[in-house]
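These notes are about the structure you will find just below.
If you read the sequence from its start, that first residue is 1, and numbering goes on from there.
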Amino acid sequence: MSKEHIKEIVIYRIKPQRSKDFMEKGLPELRQIAKGFTGMVSHTTHQCVGQPELFIDAVEWESLHYAEEAAKQMDAKMKAGEAPNMIDTYEKTEFFNHFKIIH
């Protein structure tokens, strides 16, 4: 029996007029931090065509446990100021949840 991966979808908004700063500094910083999380299979970031300050991250995890642990770690890192470029450009999270494949 194969293990089902979990898809994490995060929709978030960057401060107005800061999408370029986010893509040049905040996103690389975020990706560098994410590389250290156990259980990550893939990570893609998408920018809205009509609203350049709106982004979606689609992350695939080996399990819900790994996804939840990474979310806790990322929250702690943000609160500790370990991602200053991300914090500087970030406005708010619109949506955050985990999904499983249905057959």
Side-chain angles (χ1 to χ4, degrees):
M1 183 155 94
S2 68
K3 196 184 219 185
E4 300 269 338
H5 288 175
I6 294 294
K7 183 74 80 170
E8 177 179 273
I9 303 296
V10 184
I11 302 174
Y12 55 98
R13 195 168 292 281
I14 299 304
K15 292 175 183 171
Q17 310 302 316
R18 299 298 304 275
S19 59
K20 182 179 178 191
D21 292 334
F22 170 71
M23 289 189 293
E24 290 177 357
K25 297 177 183 173
L27 187 57
E29 184 176 70
L30 175 64
R31 287 183 174 156
Q32 186 62 36
I33 291 170
K35 284 181 185 179
F37 295 141
T38 302
M40 183 187 300
V41 176
S42 66
H43 173 236
T44 58
T45 300
H46 308 263
Q47 184 180 27
C48 181
V49 175
Q51 298 178 57
E53 70 281 353
L54 190 63
F55 290 82
I56 294 175
D57 279 357
V59 186
E60 189 171 345
W61 295 96
E62 290 178 8
S63 70
L64 180 59
H65 170 76
Y66 287 135
E68 289 173 338
E69 285 301 310
K72 288 178 195 173
Q73 291 175 32
M74 182 55 105
D75 187 50
K77 287 179 181 297
M78 295 287 278
K79 286 178 180 172
E82 293 183 32
N85 293 305
M86 178 64 183
I87 293 168
D88 187 46
T89 57
Y90 173 82
E91 185 171 290
K92 69 178 179 174
T93 298
E94 301 277 346
F95 179 86
F96 176 94
N97 222 319
H98 299 103
F99 298 84
K100 63 182 181 177
I101 295 173
I102 57 172
H103 300 276

### Task
Looking only at non-hydrogen atoms, find the nearest pair between P52 and S19 and report the distance.
O-CB, 3.2 Å
### Task
Write down the atom of E91, the atom of P16, and the distance for their closest heavy-atom approach.
OE1-CD, 3.2 Å
Let me check something: do [X] and [Y] share a hydrophobic cluster, defined by ILVMFWY side-chain heavy atoms less than 4.5 Å apart, either directly or through other members?
X	Y	result
L54	Y90	no
I87	I33	yes
F95	I56	yes
L27	F96	yes
M74	I11	no

#### Entry: F99: ring-ring contact (aromatic ring centres under 6.0 Å, His included) partners, not counting sequence neighbours
none
Please round to the nearest 0.5 Å and tell me the distance separating atom [atom1] of [X] and atom [atom2] of [Y].
X	Y	atom1	atom2	answer
T38	H65	OG1	NE2	8.5 Å
H98	S63	NE2	OG	10.0 Å
K7	I101	NZ	CD1	8.0 Å
E29	M86	CD	CE	8.5 Å
W61	I6	CH2	CD1	11.5 Å
E62	M40	CD	CE	11.0 Å

### Query
What do the steps show when you test N85 against D21 for side chain to side chain contact (heavy atoms under 4.5 Å, CB included), and what is the final call?
CA-CA 8 Å; N85 293 305; D21 292 334; over 6 Å; no
### Query
Got a sec: does the NZ of K15 have more than 12 other heavy atoms crowding it under 6.0 Å?
yes
### Task
Count the heavy atoms belonging to other residues, nucleotides or ligands that lie under 6.0 Å from NZ of K25, then report whether that count exceeds 12.
no
### Query
Are the side chains of T45 and H43 in touch, meaning some heavy atoms are under 4.5 Å apart?
yes
### Task
Can you tell me which residue pairs pass the salt bridge (charged side-chain N to carboxylate O under 4.0 Å, His left out) test with a partner in residues 40-59, sequence neighbours excluded?
R13-E53
### Message
Assess the residue pair D88 and R18 against the criterion (salt bridge (Lys or Arg N to Asp or Glu O under 4.0 Å)); give the C-alpha distance rounded to whole Å, side-chain angles, the decisive distance to 0.1 Å, and a yes or no.
### Response
CA-CA 9 Å; D88 187 46; R18 299 298 304 275; 2.7 Å; yes
### Query
Which pairs with one or both residues in residues 13-35 pass ring pair (Phe, Tyr, Trp, His ring centres under 6.0 Å), sequence neighbours excluded?
Y12-F22, F22-F55
